[in-house]
2 protein chains.
Amino acid sequence: MKTMHKEHTLTKNQQIIFDLIDKSPEPMKAYSILFNVQKKGIKAPLQVYRALDKLVEIGKIHKIESRNAFIACHNSSCQVANATAFSICEVCEKVTEISSVGLSKYLANFKDKDGMKYSKYNLEFFGLCKKCR
Amino acid sequence: MKTMHKEHTLTKNQQIIFDLIDKSPEPMKAYSILFNVQKKGIKAPLQVYRALDKLVEIGKIHKIESRNAFIACHNSSCQVANATAFSICEVCEKVTEISSVGLSKYLANFKDKDGMKYSKYNLEFFGLCKKCR
DNA sequence: TACATGGTGTTATATTATAACAATTTAAAT
DNA sequence: ATTTAAATTGTTATAATATAACACCATGTA
């Protein structure tokens with residue numbers, strides 16, 4: 001896990017899309033993003049997906065794989081872009097990024113049967129949030 | 001009353017599709033499955049997706065969320081249908097189900113900041129497999 | 001019998017994502 | 001400052017993934 005943190009200056013499209021996701025209280029889907037930024041001149045899916053790809057790559061956002069949705073990173077300035085953990089409420093779909101030093105250490109150090117270590121992982125927990133219980 | 005440990009007798013379509021996935025050395029995608037079972041009379045995507053949904057539900061297969069692909073469960077007769085962990089080689093795309101008592105215990109007992117426990121999770125590790133290193 | 005449940009077959013459509021190509025902007029290296 | 005490579009953009013078209021809706025059928029059971 002790289003800890004150096006290069007400052008990426010976002011391009012116009014990237015900034016527009018990041019701002020939207022960052023403001024959103026819940027993960028956003030690509031076509032919902034598209035709909036929301038059309039008034040700003042972003043008209044095609046590819047423009048959205050390209051910005052999303054880049055934002056994921058530099059760790060500003062994460063993809064919630066099981067939901068095909070994107071959420072802004074709120075985890076220590078995105079230092080763990082490739083080692084993510086989320087909790088997902090199966091009723092209200094609330095998604096929260098988990099920042100647990102213990103968990104990330106455990107997973108970063110996990111070795112499989114072949115002694116293989118993995119620096120990248122994505123973990124999604126499912127359950128009921130406080131409200132929905 | 002709920003029958004405990006019901007032995008799920010697979011229906012014809014479910015069996016056909018499970019057999020195909022089970023024989024496959026790699027995760028299979030839905031439309032690849034469809035292509036492969038058309039000669040057996042399964043002609044429409046929905047027939048595939050319905051079988052897949054059921055097979056996932058009863059733990060015979062798992063979905064690799066980051067790849068939109070399905071793999072047969074080889075983990076203690078599917079007792080951990082909802083608590084899955086995989087390693088994925090980013091070069092050759094080989095996917096292996098991880099069965100580590102330590103890992104599953106750690107995750108099953110993991111509590112987030114609110115003390116929330118999760119019985120279901122999906123974890124995907126990314127890296128390079130032995131061959132690809 | 002009737003009824004509930006779950007599976008099937010089918011057509012159509014929704015949703016998610018990428019290919020291909022030309023033009024433009026940006027950063028940096030002469 | 002000018003050149004140049006890399007990244008980004010805009011655009012049209014299309015590929016890949018997944019579900020809606022509806023009619024019908026099989027099976028278990030009240």
Side-chain angles (χ1 to χ4, degrees), chain A residues 6-21 24 26-71 90 93 95 122 124, chain B residues 1-4 6-21 24 26-71 90 93 95 122 124:
Chain A
K6 181 178 179 203
E7 205 50 59
H8 288 272
T9 309
L10 301 185
T11 66
K12 180 163 149 282
N13 285 2
Q14 289 162 9
Q15 189 69 58
I16 289 169
I17 287 171
F18 174 73
D19 287 345
L20 180 66
I21 297 171
S24 172
E26 64 213 18
M28 293 195 76
K29 303 192 141 222
Y31 277 72
S32 162
I33 292 167
L34 174 59
F35 177 81
N36 277 276
V37 297
Q38 278 182 328
K39 51 185 167 297
K40 301 210 169 165
I42 296 174
K43 292 184 223 148
L46 243 198
Q47 297 175 283
V48 173
Y49 279 103
R50 283 197 285 226
L52 289 174
D53 285 351
K54 191 68 185 180
L55 290 168
V56 166
E57 184 192 325
I58 65 180
K60 298 285 288 181
I61 64 173
H62 304 304
K63 182 173 186 180
I64 310 300
E65 293 286 357
S66 68
R67 300 299 188 261
N68 297 316
F70 300 85
I71 192 173
E90 288 183 301
E93 290 291 323
V95 174
N122 181 60
E124 298 178 9
Chain B
M1 160 185 170
K2 201 154 194 191
T3 313
M4 289 178 53
K6 179 177 181 206
E7 205 48 59
H8 288 273
T9 311
L10 301 185
T11 65
K12 180 163 149 283
N13 286 2
Q14 289 162 10
Q15 189 70 55
I16 289 169
I17 287 172
F18 174 73
D19 287 344
L20 179 66
I21 297 171
S24 172
E26 63 214 19
M28 294 195 75
K29 303 191 143 222
Y31 277 73
S32 162
I33 292 167
L34 175 59
F35 178 81
N36 277 277
V37 297
Q38 279 181 327
K39 52 186 166 298
K40 302 209 169 166
I42 296 175
K43 291 184 222 147
L46 202 40
Q47 295 174 284
V48 172
Y49 280 104
R50 284 196 284 226
L52 290 174
D53 285 350
K54 192 67 185 180
L55 290 168
V56 166
E57 184 192 326
I58 65 181
K60 298 286 288 180
I61 65 173
H62 303 302
K63 182 173 188 181
I64 311 300
E65 293 286 357
S66 68
R67 300 299 186 260
N68 297 316
F70 300 84
I71 191 173
E90 288 183 302
E93 290 290 325
V95 174
N122 181 61
E124 298 179 8

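First the proteins, then the strands, lettered A, B, ... as listed; each starts at 1.
A:I71 is not listed as a side-chain neighbour of A:I61, based on a closest heavy-atom distance of 4.5 Å or more. Inter-residue side-chain proximity for B:I64 and B:N122 is flagged as unmet; no heavy-atom pair is nearer than 4.5 Å.
Taking each heavy atom of B:M28 and B:S24 in turn, the nearest pair found is CG-OG, 3.4 Å. Across all non-hydrogen atoms, the minimal contact from B:K63 to B:V56 is N-CG2, 4.5 Å. The minimum heavy-atom distance between A:E93 and A:R67, with the atom names listed, is OE1-NE, 2.6 Å.
Taking every nucleotide of DNA chain D with any atom under 4.0 Å from a non-hydrogen atom of chain A, the first and last of them, 5' to 3', are D:dT8 to D:dT12.
Among residues at least two apart or in separate chains, salt bridge (charged side-chain N to carboxylate O under 4.0 Å, His left out) pairs with a member in residues 44-56 of chain B are B:K54-B:E57.
With values rounded to the nearest 0.5 angstrom, A:F70 atom CZ is found 7.5 Å from A:I21 atom CD1.
Note on A:Y49: every side-chain N or O is 4.0 Å or more away from OP1 and OP2 of C:dT18.
For the pair B:K29 NZ and C:dA17 P, the interatomic distance rounds to 11 Å; values are reported in whole Å. Rounded to an integer number of Å, the gap from A:F70 CZ to C:dT15 C1' is 13 Å.
For A:E90, the salt bridge (charged side-chain N to carboxylate O under 4.0 Å, His left out) partners at least two apart in sequence or on another chain are B:K120.
Over its full length, the helix from C:dT1-D:dA30 to C:dT30-D:dA1 turns its helical axis through 40°, comparing axes from the five pairs at each end and rounding to 10°.
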Return all side-chain donor-acceptor pairs below 3.5 angstrom for residues 36-49 of chain A, not counting sequence neighbours, or 'none' if the list is empty.
{"residue": "A:N36", "atom": "ND2", "partner": "A:S32", "partner atom": "O", "Å": "2.7"}
{"residue": "A:K39", "atom": "NZ", "partner": "A:N36", "partner atom": "O", "Å": "2.8"}
{"residue": "A:Q47", "atom": "OE1", "partner": "A:K43", "partner atom": "N", "Å": "2.9"}
{"residue": "A:Q47", "atom": "OE1", "partner": "A:A44", "partner atom": "N", "Å": "2.8"}

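Residues B:S66 and B:E124 have side chains that bring a donor and an acceptor to within less than 3.5 angstrom of each other.
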Between N or O atoms, less than 3.5 Å apart, protein on one side and nucleotides 5-9 of chain C on the other: list the pairs.
{"residue": "C:dT8", "atom": "OP1", "partner": "B:T11", "partner atom": "OG1", "Å": "2.9"}
{"residue": "C:dG9", "atom": "OP2", "partner": "B:N13", "partner atom": "ND2", "Å": "2.9"}
{"residue": "C:dG9", "atom": "OP2", "partner": "B:Q47", "partner atom": "NE2", "Å": "2.5"}
{"residue": "C:dG9", "atom": "O5'", "partner": "B:Q47", "partner atom": "NE2", "Å": "3.4"}
{"residue": "C:dG9", "atom": "N7", "partner": "B:R50", "partner atom": "NH2", "Å": "2.4"}
{"residue": "C:dG9", "atom": "O6", "partner": "B:R50", "partner atom": "NH1", "Å": "3.0"}
{"residue": "C:dG9", "atom": "O6", "partner": "B:R50", "partner atom": "NH2", "Å": "3.4"}

